[in-house]
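What follows is a single structure, written as structure tokens, with notes after it.
Side chains included, hydrogens not; waters and symmetry mates left out as well; all remaining heavy atoms used.
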Amino acid sequence: MPFRNLGIPLSGVYVKVVDYTPLMNRVAATLRAWSGLNLSYTGKMEFINSLIQGIESFWLGILPVSGAVLDRFTCLCRRFLWGSSAKVAWNTMCLKKQHGGLGLRDIKRWNEALLARTLWNIHLKKDSLCCRRMHHIYIYIFSRERSIWTIMQKKNFLPLIKKLLHIRDSLVLNRGSVDDAICLKFNASLAYDFFKPKGHVKPWAKIIWNRTLPPKFSFFFWLAVLGQVPTKNMLYFLGIDTVCSLCSQHEESTQHLFFVCRIAAEVWTAIKTWAGLTHGITTLKSSLKWLMKESRGSSWKCN
């Protein structure tokens, strides 16, 4: 049985999933308390980031948390944001906004980033009990080495040490050599930038996340681009009538609701007349291309 110090379970062997129950219960209770409030999607996003940054970081910065526990955290956050049915994959939401995501923190990568800070503290021989113990027992006595960058993995190492060496090996492999890895001056933020999932830059992202747009509009725009707006054709499995409620003529889809529907066409005509626009607005894709083209002109800027 592991004993606890400042609420953290400490053990000479692997910490079991059940030992994380106090943390999981606290996270679940916090999310449950806020789920009853009328928060927008953007408000929920900010709350999730603050939760990961706050409550969970105390544990994530000390322990190499198991995948089962991290998956449970992700499940709780995803359910808080979307409810019972997620519209977008969590991995996509953890991408940067310019890469088509929401900029949420990937909990697994955040755990690695915080542990990388511990690796750097050991490298710098920071004056702390943990670093002194690491240097004395694992580097000098067990390995007869003088640096954490040169010791080899051993079966009798603690899970934390094994995880730190795994992070070290990832850094060395990415940078090409130990010397190049040591040249990195890591903190938690820089380490997360190194480990986090990466994607391709989406040209439409700067239009959607324009500072002049209210966040809730940007979020809805983002859902529309990904084709995940909960229109009736997306909810057919509920057995509901999928005919558009505005025109009562065609199936309701994102394309129909915003561009094809007779009511939508009247709204767009009024807007174009008021703004003096002559460009035809017929699809979301063509509208985004036109906006990106106009944003490079002198009439208005999107950033």
Side-chain angles (χ1 to χ4, degrees), residues 27-49 51 71-95 97 99-104 106-107 199 202 204-205 207-210 213-272 274 279-291:
V27 171
T30 303
L31 293 174
R32 193 162 48 244
W34 283 83
S35 60
L37 302 179
N38 190 24
L39 292 178
S40 64
Y41 280 123
T42 51
K44 291 180 179 180
M45 287 163 45
E46 291 300 322
F47 183 78
I48 289 173
N49 266 337
L51 179 74
D71 289 342
R72 176 59 178 164
F73 291 152
T74 299
C75 181
L76 290 171
C77 293
R78 182 170 57 235
R79 185 172 300 175
F80 173 73
L81 179 63
W82 297 115
S84 59
S85 179
K87 297 179 177 63
V88 181
W90 187 260
N91 289 340
T92 300
M93 292 189 289
C94 289
L95 295 174
K97 289 182 177 179
H99 294 160
L102 293 177
L104 294 177
D106 184 297
I107 302 177
K202 306 297 183 182
W204 45 261
I207 301 294
I208 291 178
W209 302 109
N210 184 357
L213 288 178
K216 64 179 181 180
F217 294 161
S218 295
F219 187 88
F220 187 85
F221 203 172
W222 174 76
L223 281 179
V225 171
L226 296 182
Q228 296 300 324
V229 175
T231 49
K232 287 185 176 181
N233 71 321
M234 299 284 288
L235 304 174
Y236 68 93
F237 59 90
L238 297 177
I240 63 174
D241 183 11
T242 60
V243 175
C244 176
S245 301
L246 296 178
C247 66
S248 302
Q249 294 178 351
H250 302 283
E251 183 181 67
E252 181 184 282
S253 63
T254 301
Q255 172 65 18
H256 173 81
L257 188 61
F258 293 102
F259 300 99
V260 179
C261 179
R262 172 175 53 83
I263 306 300
E266 293 176 0
V267 172
W268 280 119
T269 299
I271 292 175
K272 289 168 63 178
W274 170 77
H279 178 79
I281 301 176
T282 56
T283 66
L284 184 60
K285 184 177 181 179
S286 63
S287 300
L288 280 171
K289 286 184 177 179
W290 175 74
L291 285 172

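- By the 6.0 Å contact criterion, CZ on Arg79 is open, its count of non-hydrogen atoms from other residues, nucleotides or ligands being 12 or less.
- At least one side-chain heavy atom of Phe217 sits under 4.5 Å from a side-chain heavy atom of Pro214.
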Chi angles and distances behind the side chain to side chain contact (heavy atoms under 4.5 Å, CB included) call for Met93, Trp222: CA-CA 11 Å; Met93 292 189 289; Trp222 174 76; 4.0 Å; yes

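- No side-chain heavy atom of Trp90 sits less than 4.5 Å from a side-chain heavy atom of Asp71.
- By the 30° and 60° cut-offs, the orientation of the rings of Phe219 relative to Tyr41 is parallel.
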Stepwise side chain to side chain donor-acceptor pair (under 3.5 Å) check, Ser253 with Lys232: CA-CA 7 Å; Ser253 63; Lys232 287 185 176 181; over 6 Å; no

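- Summarising the geometry of Trp82 relative to Val88, their closest heavy-atom pair is NE1-O, 4.0 Å, with the distance given to 0.1 Å.
- Checked against the 6.0 Å centroid criterion, the rings of Phe221 and Phe258 do not qualify as a close aromatic pair.
- Summarising the local packing, NZ of Lys285 is surrounded by 12 or fewer heavy atoms from other residues, nucleotides or ligands at distances under 6.0 Å.
- Interatomic distance, Cys77 SG to Met45 CE, rounded to the nearest 0.5 Å: 12.5 Å.
- Contact record, Ser248 with Ser245: OG-O, 4.2 Å, taken as the closest heavy-atom pair.
- Taking OG of Ser287 as the reference point, atom CD1 of Ile207 lies at 11.5 Å (rounded to 0.5 Å).
- Judged purely by atom type and a 3.5 angstrom limit, Ser40 has no side-chain atom pairing as donor or acceptor with the backbone of Lys216.
- For Thr74, the side chain to side chain donor-acceptor pair (under 3.5 Å) criterion is met by no residue, not counting sequence neighbours.
- Contact detail for Gln228 and Met234: the closest heavy-atom pair is OE1-CE, 3.8 Å.
- The heavy-atom pair separating Glu252 from Thr231 by the smallest distance is OE2-CA, 3.5 Å.
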Full working for ring pair (Phe, Tyr, Trp, His ring centres under 6.0 Å) between Trp34 and Phe80: CA-CA 9 Å; Trp34 283 83; Phe80 173 73; 8.2 Å; no

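- Every residue meeting the salt bridge (charged side-chain N to carboxylate O under 4.0 Å, His left out) condition with Arg262, not counting sequence neighbours, appears here in chain and number order: Glu266.
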Full working for side chain to side chain contact (heavy atoms under 4.5 Å, CB included) between Cys261 and His256: CA-CA 5 Å; Cys261 179; His256 173 81; 3.6 Å; yes

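- Side-chain atoms of Gln255 come within 3.5 Å of backbone atoms of Thr282 as a donor-acceptor pair (strictly under, hydrogens ignored).
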Check against side chain to side chain contact (heavy atoms under 4.5 Å, CB included), Ile263 and Trp268: CA-CA 9 Å; Ile263 306 300; Trp268 280 119; over 6 Å; no

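- With rounding to the nearest 0.5 Å, the separation of CG in Leu284 from CZ in Phe259 is 5.0 Å.
- Among all heavy-atom pairs drawn from Ser218 and Leu213, the shortest one is OG-CB, 3.5 Å.
- Rounding to the nearest 0.5 Å places OG1 of Thr254 at 9.0 Å from CG of Leu223.
- Interatomic distance, Phe237 CZ to Leu235 CG, rounded to the nearest 0.5 Å: 5.5 Å.
- Here Ile48 contributes atom CD1 and Arg78 contributes atom CZ; the two are 10.5 Å apart, rounded to the nearest 0.5 Å.
- Side chain of Thr269 to main chain of Ala265: a donor-acceptor pair is present (N/O by atom type, distance under 3.5 Å, no hydrogens or angles).
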